[in-house]
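Throughout, a chain's letter reflects where its sequence line sits, starting with A, and its residues are numbered from 1.
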Protein chains: 2
Amino acid sequence: MKPVTLREIANKLNISITTVSKALKDYPDVSPKTKFLVKELASTLNYKPNAFAVNLRTRESKTIGLIIPVIVHHFFSNVIKGIVAQAEKKGYLVIILQSNESYELEKKQIDLLMNQRVDGIIISLANGTIEYKHLTDVIKANTPLVMFDKIAKIVNCSKVIIDDRKAAYDATQHLIDIGCRRIAHFRGSLLPQNSIDRFLGYRKALDDNGIKYDPSLVYICECDDNSFEEGKENARLLMQEHNDVDGIFINTDLVAIGAISEFNDAGIKIPEDIAIVGFSNWFMSSIISPTLSTIDQPGVKMGKAAFKQLYKEIKLKKRNKPVEYQQIVLKTKLIQRDSTKL
Amino acid sequence: MKPVTLREIANKLNISITTVSKALKDYPDVSPKTKFLVKELASTLNYKPNAFAVNLRTRESKTIGLIIPVIVHHFFSNVIKGIVAQAEKKGYLVIILQSNESYELEKKQIDLLMNQRVDGIIISLANGTIEYKHLTDVIKANTPLVMFDKIAKIVNCSKVIIDDRKAAYDATQHLIDIGCRRIAHFRGSLLPQNSIDRFLGYRKALDDNGIKYDPSLVYICECDDNSFEEGKENARLLMQEHNDVDGIFINTDLVAIGAISEFNDAGIKIPEDIAIVGFSNWFMSSIISPTLSTIDQPGVKMGKAAFKQLYKEIKLKKRNKPVEYQQIVLKTKLIQRDSTKL
DNA sequence: GTAAATATCGAAAACGTTTTCGAAAAAACC
DNA sequence: GGTTTTTTCGAAAACGTTTTCGATATTTAC
């Protein structure tokens, strides 16, 4: 009933706890014979070391924390998948928390994870996060921290991202290439770095093609959730305010899909009347009608890369070696589908 | 740098560790004055108890394990969301593992969680799971276990499910109500209980309406993953083998969406030529064209219910009280959309 | 045969907490 | 004032492991 301990094994073999422990870990100062006996008995008794005791002693929890804004998003659940898979390979468990895009919750969760003495933390910031003290505190406490996707440039730690600016540039250039000249942009929330970068990429593409930037064509949403509804709402506004727009670059696929749905209902033809490019390559985008052109953002790969970097830093820290923070930039690619096939 | 311990607080105040510990936990045998001093110092030093030490002593980890077949599924990520949210309310953390529908992995992961001494486990079985020893072992070890969605009827523990049989009956009856007479069924994998139940519901509805059951209209997929591709493949087969079918009840929305996509490509009209009902109410189903009629399966609610039950059992176990296992059945409802609007 | 080197073991401290139990001090009672 | 009760504290054991270091026992060297 109760889990087996070293003591029990020691008692049954009439040897000390010390020797049992050493035998199991192949210390050189225990004879082959006792090693054999110990290992055999341990396996028949199905001995499993008590993780708490080990952790207390070694100050390693073999556990990492992951904080993401929302779980129910194709991109994020892919990242989770990548992280969990990679972590398991290295014998690490992952504690997942959802910040719900709330700065306050995010702070509390960081606290929780630190109290749990996780070996490292991977995080994608909430849109509402404007201060970074809780993050620098993690670094000060010497706990490895890796940020991905929604990062804070100012915080000094490793990051796994895509080149949002370039991706947005590509998306906008694509719209221009197929003949769009009045191009709107749904940029979502104002704050997060990737929202900013995508906006800048959009603007740069306009500039480089001699198209005048019109601020009234940029739709911001303070709603903090990049939702389907946001897409519908923005599309409605756009139809009222600008009936001359012939292309839109939209921050996130889900929002783009909301817009498509609204345009479909309103009888506006995609791509003939308005061409649309989304962002992230949600699975959904390939089955909506018309199918949505988008930027492929490799979620699983990002998750794996983030864990790998974290793992590296955990190991370095253990050996008291200096770590140098990496900025890992993953490749994206434009996927053309029907929403931009003129 | 190093985390603060009870000892440090004790030293600074010139009192014993015991008293510090008691003061922080409001034991009655410490004076209000020292309580005040201790608490004040603890908060200025930002003292946080070492979770390992606490756990080692109290044999409570305040952590639960969650094993699900796939994270990147709308239904499952909603369940995760429900569990994580509810757990956080009670101060519990969730370790999430993905079995990838593999029995072997599932076994290993149960082992991992047990070694971590989690306080309880919530699981949705892999399709490949045919033996249940790893699960009964959990129960034997006196660790609360709650199964949801994909359960094993034979295992004696609490379960959170929907009435798959009734839901499937409703879906099939709906097809009959709108005039379908040759109704196929894509049942997915053979093994899991809900696949069986949905099939039985389908069959019962046929029986009750005097429609002869034709085994050749039931499409099984051994591919173990309920995918979009499975839907396309089955749709192709169906078109070759049975051009008289006028309705399909499909095990999962994602598969249904694959089928819709294939039918769309083949120029088969939905619902005029074939009406379709899916299962689960993925978000995607409301935006595909035609929109998909389906059974709403409340993921977040299931997650919350599962955690609540687990929590109850953890508390009961702690007080050495007997627990009685619950079978919680959540309500589903049919959502009619365009794929069955004749 | 003695000295030195090696092989094998175990006692004990430590990780940071919680809780039992007894002791000392203070207060209450007669 | 002496006894009892109450308040307040701390020593110590315990949770299960890891690791240091010293103690035997055995082998090797001469």
Side-chain angles (χ1 to χ4, degrees), chain A residues 1-39 41-42 45-63 91 114-119 141 318, chain B residues 1-39 41-42 45-63 91 114-119 141-142 318-319:
Chain A
M1 200 103 228
K2 286 280 151 227
V4 195
T5 67
L6 289 184
R7 176 189 308 275
E8 293 178 47
I9 298 180
N11 287 345
K12 290 209 175 149
L13 294 176
N14 259 323
I15 54 178
S16 76
I17 297 180
T18 306
T19 307
V20 176
S21 172
K22 286 181 180 174
L24 289 173
K25 317 193 84 199
D26 270 327
Y27 270 56
D29 65 343
V30 24
S31 74
K33 190 167 54 172
T34 44
K35 266 187 194 172
F36 174 78
L37 288 175
V38 168
K39 286 182 180 174
L41 184 56
L45 291 184
N46 195 26
Y47 165 78
K48 296 290 163 54
N50 180 314
F52 300 145
V54 176
N55 298 344
L56 178 61
R57 182 58 226 235
T58 63
R59 329 181 136 278
E60 256 201 322
S61 67
K62 289 283 182 183
T63 296
M114 292 302 284
N115 295 350
Q116 271 280 322
R117 308 293 201 271
V118 291
D119 292 342
K318 206 176 159 190
Chain B
M1 199 107 231
K2 285 280 150 228
V4 194
T5 67
L6 289 183
R7 177 189 306 274
E8 293 179 45
I9 298 181
N11 287 344
K12 290 209 175 149
L13 294 176
N14 260 322
I15 55 177
S16 76
I17 297 181
T18 307
T19 306
V20 176
S21 172
K22 286 182 181 172
L24 290 174
K25 316 193 85 199
D26 269 327
Y27 269 57
D29 65 345
V30 26
S31 73
K33 190 167 52 171
T34 43
K35 266 186 194 171
F36 174 78
L37 288 175
V38 168
K39 285 182 181 173
L41 184 57
L45 291 184
N46 194 26
Y47 167 77
K48 296 291 164 51
N50 180 313
F52 300 145
V54 176
N55 298 344
L56 178 60
R57 182 58 224 235
T58 63
R59 331 184 135 278
E60 256 200 322
S61 67
K62 289 283 181 182
T63 296
M114 293 301 284
N115 294 350
Q116 272 280 323
R117 309 291 201 270
V118 292
D119 292 342
N142 208 20
K318 204 176 160 189
R319 299 200 202 90

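- A straight line from CG of A:Leu56 to P of D:dA14 spans 17 Å, rounded to a whole angstrom.
- In this structure, B:Arg59 atom CZ and D:dC15 atom P are separated by 7 Å, rounded to whole Å.
- Put simply, CG on B:Leu24 and NZ on B:Lys39 are 7.5 Å apart, with the number rounded to the nearest 0.5 Å.
- When the C1' atom of C:dT17 is taken as reference, atom CD of B:Glu60 falls 14 Å away, rounded to whole Å.
- Atoms CG (A:Asn11) and P (D:dT17) sit 12 Å apart, rounded to a whole Å.
- One finds no side-chain N or O of B:Thr5 lying less than 4.0 angstrom from the OP1 or OP2 phosphate oxygen of C:dC15.
- The phosphate of C:dG10 (OP1 or OP2) has a side-chain N or O of A:Thr19 nearer than 4.0 angstrom.
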Using atom types as modelled, flag every donor-acceptor pair under 3.5 Å from a side chain in residues 45-54 of chain B to any protein atom, sequence neighbours excluded.
from, atom 1, to, atom 2, distance (Å)
B:Asn46, OD1, B:Lys48, NZ, 3.2
B:Lys48, NZ, A:Asp111, OD2, 3.0
B:Asn50, OD1, B:Phe52, N, 2.8
B:Asn50, OD1, B:Ala53, N, 3.2

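- The side chain of B:Ser31 sits closest to D:dT8 out of D:dG16, C:dC9, D:dT8.
- Distance from the side chain of B:Asn50 is smallest for C:dT17 among the nucleotides D:dT17, C:dT17, C:dT8.
- Here A:Ser16 does not reach the OP1 or OP2 of C:dA11: none of its side-chain N or O atoms lies under 4.0 Å away.
- Remark: C1' of C:dC15 and CZ of A:Arg117 are 11 Å apart, rounded to the nearest angstrom.
- Here B:Lys2 contributes atom NZ and B:Glu8 contributes atom CD; the two are 11.0 Å apart, rounded to the nearest 0.5 Å.
- Between the CG atom of B:Leu6 and the P atom of D:dA11 there is a distance of 15 Å, rounded to whole Å.
- To the nearest 0.5 Å, atom CZ of residue A:Arg117 and atom OG1 of residue A:Thr63 are 13.0 Å apart.
- In this structure, NZ of A:Lys33 is placed 17 Å from P of C:dA7, rounded to the nearest angstrom.
- A side-chain donor-acceptor contact under 3.5 Å links A:Lys35 to the backbone of A:Tyr27.
- Taken residue by residue, residues 20-30 of chain A places heavy atoms nearer than 4.0 Å to DNA chain D at A:Ser21, A:Lys22, A:Lys25, A:Tyr27.
- Looking at B:Thr18, its side chain comes within 3.5 Å of the base of D:dA11 through a donor and an acceptor atom.
- Nucleotide C:dT20 holds its C1' atom 16 Å from the CD1 atom of B:Ile17, rounded to whole Å.
- For B:Arg59 against B:Asp119, the heavy-atom pair with the smallest separation is O-OD1, 4.5 Å.
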Show every donor-acceptor pair shorter than 3.5 Å between a side-chain atom in residues 9-16 of chain A and any protein atom, with sequence neighbours excluded, or say none if there are none.
from, atom 1, to, atom 2, distance (Å)
A:Ser16, OG, A:Thr18, N, 3.4
A:Ser16, OG, A:Thr19, N, 3.1
A:Ser16, OG, A:Thr19, OG1, 3.0

